[in-house]
Amino acid sequence: MSQSTDPASPAGQIAAGYAFTGPALDLGALLWDGACLPELQIRIPLSMLNRHGLVAGATGTGKTKTLQLIAEQLSANGVPVFLADIKGDVSGISAPGAGNEKIEERAKDVAQDWEGTGFPSEFYSLGGIGPGIPLRATVTSFGPVLMSKVLQLNQTQEQSLGLIFHYADTKGLELIDLKDLRAVVAFLVSDKGKAELKGIGGLSTVTAGVILRALTAFEQQGAAEFFGEPEFDTSEFLRTAADGRGLVSVLELPAVQDKPQLFSTFLMWLLADLYTDLPEVGDLEKPKLVFFFDEAHLLFNGASKAFLEAITQTVRLIRSKGIGVFFVTQTPKDVPGDVLAQLGNRVQHALRAFTPDDAKALKATVRTFPNSAYDLEELLTQLGTGEAVITVLSETGAPTPVAATRLRAPQSLMGPIDAAALDQAVTSSLLYSRYAEPVDRESAYEKISAEQAAAEAEAEAAASAAEAEKQAKEAQKAAAAAARNAPKPDPSLAQQVAGSSIFRSLARSIGTQLGREISRSIFGTARRR
């Protein structure tokens with residue numbers, strides 16, 4: 001037994017903290033005193049994956065490959081996984097990897113029995129922009145807090161948008177797409193609509209103008225495609241393949257990577273929707289789903305207080321629904337402290353210290369780790385690609401010792417699959433026919449337009465009736481004697497409109513919607529009905 005692997009040595013004591021009895025994911029081999037020790041394996045208990053985590057590190061240090069490695073092992077253990085593919089290089093998880101000298105050398109270093117393996121995958125896109133099964137949300141479901149984030153509204157405007165959603169909810173006006181939201185905003189500042197919100201603060205014309213302009217700019221960026229029906233059912237992410245492996249859901253984002261506010265907020269909607277719909281299950285032997293939130297700093301940039309509070313509460317509580325969340329970003333300081341405190345598992349790749357700000361970030365990162373046998377400030381600048389500093393929660397929930405680790409190589413393809421294979425995977429999916437074609441049914445825009453048309457028809461009918469009455473009086477004066485025997489006049493246009501089947505149908509539609517206020521969750525997202 002070498003000194004470094006002696007159970008009483010510092011390396012042996014670190015490794016002892018990762019000797020779990022239950023199922024665990026194999027991350028790699030311990031690094032100590034400049035050597036890789038393949039007999040000392042670093043692992044993470046499967047039952048602790050719902051305690052959330054952080055994967056951090058500078059660009060090019062191997063974060064994406066770490067995601068791939070963890071996702072593969074989760075899938076192999078029957079746990080579904082959600083991955084956001086921002087750069088377009090994660091789709092290879094569906095195909096077997098190709099061995100080479102580097103992989104063989106890495107496998108030998110870490111005692112890995114490497115074999116090229118693909119994993120069952122589904123590919124999605126936001127609103128059908130780019131390859132993938134389209135993911136859409138209705139505006140009603142998305143809610144005012146998330147919508148304010150993507151529209152970049154200030155706190156006052158966010159509160160006003162909340163009133164607009166409240167009005168639509170209570171009146172049963174479903175906001176399916178952006179034109180529905182625009183129609184409701186315009187109605188509430190019209191002469192007829194101003195009184196609707198008077199009792200709860202009202203909506204100023206100036207604020208309404210800001211919201212309408214933001215909506216217009218948002219649509220010009222192509223965002224209208226993301227809102228509509230059929231709305232995606234996030235329970236689709238919880239499926240397993242026929243062979244029992246967890247399904248890997250890959251959201252392809254390269255076509256919308258220039259819209260970071262939108263896709264990062266949409267990812268939060270997916271997570272919030274899962275939280276809203278899933279029952280409480282407590283601690284499980286393995287998670288129902290592990291959700292990897294890539295480029296996490298985009299989610300928090302410019303976030304309002306209400307938005308940050310909603311994120312914190314969702315992350316804190318979703319653990320009991322069996323969902324694990326891993327935030328992926330460059331440094332821990334990208335994640336607010338209240339959220340960071342919820343992340344029990346840490347994989348920290350190398351950091352750079354080229355500038356004073358870099359050095360400050362490095363020191364801040366070191367302070368977020370437990371006491372360590374390593375000089376972390378020095379170590380974090382010297383780690384190679386595919387190496388990381390790790391601490392996780394043990395099976396008892398206590399933090400493990402900090403362990404420098406050479407990570408295993410992913411067994412799937414480390415790069416994108418070709419476009420033809422991706423298209424084939426998308427169109428052959430059973431979900432493609434369910435979500436591919438958009439549906440535009442009657443919603444707030446059509447109802448408000450119908451009411452306005454009915455009101456205009458009623459006004460025209462009233463004017464026609466008044467004119468007819470005037471003419472009747474004149475005719476009565478001229479032919480009083482014949483009036484008694486004259487046939488009854490035809491119904492007025494107002495009576496015709498009021499008695500028509502279309503008007504009665506509209507009245508019933510509006511009437512049945514009243515009082516059906518939509519129930520909303522922590523994030524202001526609508527509960528699925």
Side-chain angles (χ1 to χ4, degrees), residues 64 67-68 70-97 116-138 141 222 225-257 263 266-267 269-271 273-274 277-278 287-294 323 410-440 528:
T64 301
L67 300 190
Q68 200 166 339
I70 297 174
E72 289 176 354
Q73 294 192 55
L74 285 167
S75 174
N77 280 277
V79 179
V81 177
F82 174 90
L83 294 172
D85 185 10
I86 293 174
K87 293 175 286 188
D89 55 0
V90 180
S91 60
I93 198 168
S94 63
T117 308
F119 294 83
S121 304
E122 291 271 24
F123 298 96
Y124 299 94
S125 63
L126 284 189
I129 298 179
I133 298 162
L135 297 187
R136 300 182 188 89
T138 65
S141 177
E225 300 293 331
F226 309 132
F227 296 97
E229 291 184 318
E231 182 174 75
F232 185 72
D233 183 350
T234 50
S235 67
E236 307 282 11
F237 294 148
L238 305 179
R239 294 176 297 141
T240 54
D243 61 5
R245 291 185 296 172
L247 200 63
V248 181
S249 298
V250 183
L251 179 57
E252 293 294 328
L253 293 171
V256 294
Q257 60 180 296
F263 71 67
F266 201 95
L267 292 178
W269 174 77
L270 294 174
L271 198 58
D273 194 66
L274 284 165
D277 287 349
L278 292 176
K288 287 186 175 182
L289 173 74
V290 175
F291 192 104
F292 288 92
F293 212 122
D294 205 356
I323 305 295
Q411 293 178 282
S412 56
L413 183 64
M414 288 188 277
I417 57 175
D418 64 72
L422 181 56
D423 287 338
Q424 172 63 24
V426 171
T427 55
S428 62
S429 169
L430 296 176
L431 299 184
Y432 185 73
S433 60
R434 190 179 307 170
Y435 294 107
E437 291 299 322
V439 176
D440 188 12
R528 193 175 299 282

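Remember, predicted model here, so these are calculated numbers, not experimental data. Basis for what follows: all heavy atoms, side chains included, without hydrogens, waters or symmetry-related copies.
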Do the side chains of Thr64 and Asp89 get nearer than 4.5 Å, heavy atoms only?
yes
Side chain proximity check, Val81 to Val250, heavy atoms < 4.5 angstrom:
no
Quick check for you: to the nearest 0.5 Å, what is the distance between Leu83 atom CG and Leu253 atom CG?
11.0 Å
What I'd like to find out is whether the side chain of Thr240 reaches to under 4.5 Å of the side chain of Leu247, using heavy atoms alone.
no
Mark yes or no for whether Asp85, through its side chain, and Gly88, through its backbone, hold a donor-acceptor pair below 3.5 Å.
yes
Yes or no on side-chain contact (heavy atoms from CB on, under 4.5 Å) for Phe226 and Val256, after CA distance, side-chain angles and deciding distance?
CA-CA 11 Å; Phe226 309 132; Val256 294; 3.9 Å; yes
Go through the side-chain N and O atoms of Ser91 and Glu252 and say whether any donor and acceptor fall under 3.5 Å apart.
no
Any side-chain heavy-atom pair from Pro287 and Ile323 closer than 4.5 angstrom?
no
What are the two closest heavy atoms between Gly92 and Gln68, and how far apart are they?
C-NE2, 4.4 Å
Flag the pair Leu251 / Phe82 as yes when at least one side-chain heavy-atom distance between them is below 4.5 Å, and no otherwise.
yes
Considering all heavy atoms of both residues, which atom of Glu437 and which atom of Pro230 are nearest to each other, and what is their separation?
O-CD, 3.3 Å
Contact check, side chains of Asp418 and Leu422, non-hydrogen atoms, under 4.5 Å
no
Taking the side chain from Asp233 and the backbone from Ser235, do they hold a donor-acceptor pair closer than 3.5 Å?
yes
Nearest-0.5 Å distance that lies between atom CZ in Phe123 and atom CD1 in Ile93:
8.5 Å
What distance separates Asp294 CG from Leu267 CG, expressed to the nearest 0.5 Å?
9.0 Å
Does any N or O in the side chain of Glu231 come within less than 3.5 Å of the main-chain N or O of Thr138, such that one atom is a donor and the other an acceptor?
yes
Does any N or O in the side chain of Ser75 come within less than 3.5 Å of the main-chain N or O of Ala71, such that one atom is a donor and the other an acceptor?
no
Parallel under 30°, tilted from 30 to 60°, perpendicular over 60°: which one fits the rings of Phe237 and Phe232?
tilted
Inter-residue atom distance Leu289.CG - Thr234.OG1, 0.5 Å rounding:
9.5 Å
Which atoms form the tightest heavy-atom contact between Gly222 and Ile129, and what is the distance?
O-CD1, 3.9 Å
Indicate the atoms forming the closest heavy-atom contact of Leu431 with Arg239, along with that distance.
CD1-NH2, 3.2 Å
Examine distances only and state if a side-chain atom of Ser428 and a backbone atom of Gln424 form a donor-acceptor pair shorter than 3.5 Å.
yes
Taking Trp269's backbone N and O only, do any of them form a donor-acceptor pair with Asp273's side chain (distance below 3.5 Å, no angle check)?
no
Do side-chain atoms of Glu72 reach the backbone of Ser412 as a donor and acceptor pair under 3.5 angstrom?
yes
Looking only at heavy atoms, what is the nearest atom pair of Gly127 and Arg136, with distance?
CA-CG, 4.3 Å
Between Glu236 and Arg434, does at least one N-O distance fall below 4.0 Å, as a salt bridge requires?
yes
Would you say the side chain of Leu126 lies within less than 4.5 Å of the side chain of Phe266, judging by non-hydrogen atoms?
yes
Would you say that Ile70 contacts Phe292 through its side chain, given a criterion of any heavy-atom pair below 4.5 Å between the two side chains?
yes
Modelled atom types, side-chain donor and acceptor of Glu122 and Ser249, under 3.5 Å:
no
Donor-acceptor contact present, side-chain Ser121 to main-chain Phe119, <3.5 Å:
yes
For the pair Ser125 (side chain) and Gly132 (backbone), establish whether a donor and an acceptor sit closer than 3.5 Å, ignoring hydrogens and angles.
yes
